[in-house]
Amino acid sequence: MPAHPQRCTYLGPEGTFTEAALGTLPEAVTHEVFPSDSVAGALDAVRGGEAAVALVPIENSVEGAVTATLDELATGRPLTIRREVLLPISFALLVRPGTTLDDVKSVTGHPVTQAQVRRWLARHLPHAEWESAASNGEGARLVRDGRFDCAFAGEFAARRYGLEALITEINDAPDAMTRFVLLGRPGRIAAPTGMDKTSIVVWPAADEPGALLALLAEWAVRGVNLLRIESRPTGEGLGRYSFSIDAEGHVTDRPVREALMGLHRISSRIRFLGSYARADRTAPATDPRLANHEFARSAAWVARCIDGIGEHPEL
Ligand SMILES: O=C(O)C(=O)C[C@]1(C(=O)O)C=C[C@@H](O)C=C1
């Protein structure tokens with residue numbers, strides 16, 4: 001199927017936080033937007049060419065990794081991250097009009113949501129039965145259809161599904177955030193902004209002492225700060241893991257590039273997931289000794305050593 005450059009999909013249905021996050025991106029207006037039922041469905045739409053890009057959640061500040069996304073990125077046809085978006089998360093309890101808290105026997109929402117409202121639920125609805133939905137938008141739809149009495153979702157989902165927000169601003173952790181990534185088929189990497197992130201998945205070469213330390217050392221010796229590291233089972237047997245890593249910097253920054261080269265040499269597999277602008281616009285703590293021109297200067301010095309003039313006092 002030919003690639004359709006103007007379509008963008010997201011974890012749907014309508015009314016998810018992913019849709020709200022997409023609303024903050026230019027792609028919401030430059031592309032024709034359509035929902036997918038699952039993270040896998042959204043990414044397959046990109047792989048198959050029905051969409052140019054897909055927005056999916058990857059990490060929540062309370063629950064951690066969205067494992068469906070990490071696993072999808074580690075397997076199947078490679079995709080790369082074009083952008084990231086951060087969205088503050090606060091839930092509303094959505095009910096069919098007229099429902100009171102006393103009427104609530106069953107409750108639904110995304111599993112990542114459940115982790116963010118656990119204490120609230122124990123306190124206010126200790127006897128309600130929880131059943132997870134594929135997304136919060138899907139949970140709201142199921143309440144509209146009478147499958148559950150209430151759903152946790154963004155307040156904005158109430159209007160979409162003809163529901164009422166019985167209680168708003170529910171969150172066990174008041175500053176909860178979810179991070180979303182916009183994925184596309186691999187292409188030329190965007191130029192560095194100076195506030196970038198690089199993501200990879202790496203499979204250690206062998207199950208041996210120090211295997212993880214060796215992977216970490218490639219970053220550490222080059223002064224590259226890691227922002228996230230997550231182990232995920234490969235599915236090939238107990239104890240077999242890959243590591244999903246976000247590091248500060250861009251692949252064109254020499255320390256990052258050389259760390260990736262080192263990892264490529266010592267791992268059994270490595271997948272580059274992209275270099276992209278950081279949503280929090282945080283510049284890395286810069287060490288002037290690790291600037292690109294310092295790498296060029298030291299490479300030139302080695303070249304001169306080889307030519308027999310490395311000890312020249314002015315070098
Ligand atoms: O279900 C949604 O509304 C989503 O967009 C998914 C998702 C997630 O997977 O983290 C997004 C934000 C919230 O943290 C809870 C659920």
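Atoms within a ligand are numbered from 1 in the order they appear, just like the ligands themselves.
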Residues joined to L142 in its hydrophobic cluster, side chain to side chain under 4.5 Å directly or through other members, sorted by chain and number, are L94, V143, F148, Y161, L163
R160 meets the side-chain contact (heavy atoms from CB on, under 4.5 Å) criterion, sequence neighbours left out, with E14, E19
For T16, the atoms of ligand 1 under 4.0 Å from one of its heavy atoms are 2 (C), 3 (O), 5 (O)
The answer for which part of Q116 has a heavy atom under 4.0 Å from ligand 1 is side chain
the protein heavy atom lying closest to atom 14 (O) of ligand 1 turns out to be T178 OG1, 2.7 Å
Does one side chain, of D280 or T282, offer a donor that lies under 3.5 Å from an acceptor on the other? yes
| query | So is there a nitrogen or oxygen of T18 less than 3.5 Å from a nitrogen or oxygen in ligand 1? | reply | yes
Item checked: R232/D71 salt bridge by N-O under 4.0 Å criterion -> yes
S135 heavy atoms within 4.0 Å reach ligand 1 at atoms 1 (O)
The protein heavy atom nearest to atom 10 (O) of ligand 1 is V112 CG1, 3.3 Å
Per side chain to side chain contact (heavy atoms under 4.5 Å, CB included), S244 is matched among I229, T69, V202, L70 by L70
for atom 3 (O) of ligand 1, nearest protein heavy atom and its distance come out as F17 N, 2.8 Å
If we number the atoms of ligand 1 from 1 as shown, the ones under 4.0 Å from a heavy atom of N136 are 1 (O), 2 (C), 3 (O), 15 (C), 16 (C)
Polar contact flag for L11 and ligand 1 (N/O pairs, less than 3.5 Å) | no
Exercise for the section: Tell me, please, whether F34 has R7 positioned over its six-membered ring: NZ or CZ under 6.0 Å from the ring centre and within 45 degrees of its axis? Expected result: yes
Self-check item: E63 near ligand 1 by a heavy-atom separation under 4.0 Å
Solution: no
Under 4.0 Å between heavy atoms, the region of N60 that gets near ligand 1 turns out to be side chain
Taking the side chain from D246 and the backbone from L227, do they hold a donor-acceptor pair closer than 3.5 Å? no
Q. If you measure only the distance, is there a donor-acceptor pair under 3.5 Å linking the side chains of T178 and N60?
A. yes
query = Has the side chain of R185 got a donor or acceptor atom that lies under 3.5 Å from a matching backbone atom of V46?
reply = yes
For T113, the atoms of ligand 1 under 4.0 Å from one of its heavy atoms are 15 (C), 16 (C)
Counting from 1 in the order shown, the ligand 1 atoms closer than 4.0 Å to a non-hydrogen atom of P57 are 6 (C), 8 (C), 9 (O), 10 (O)
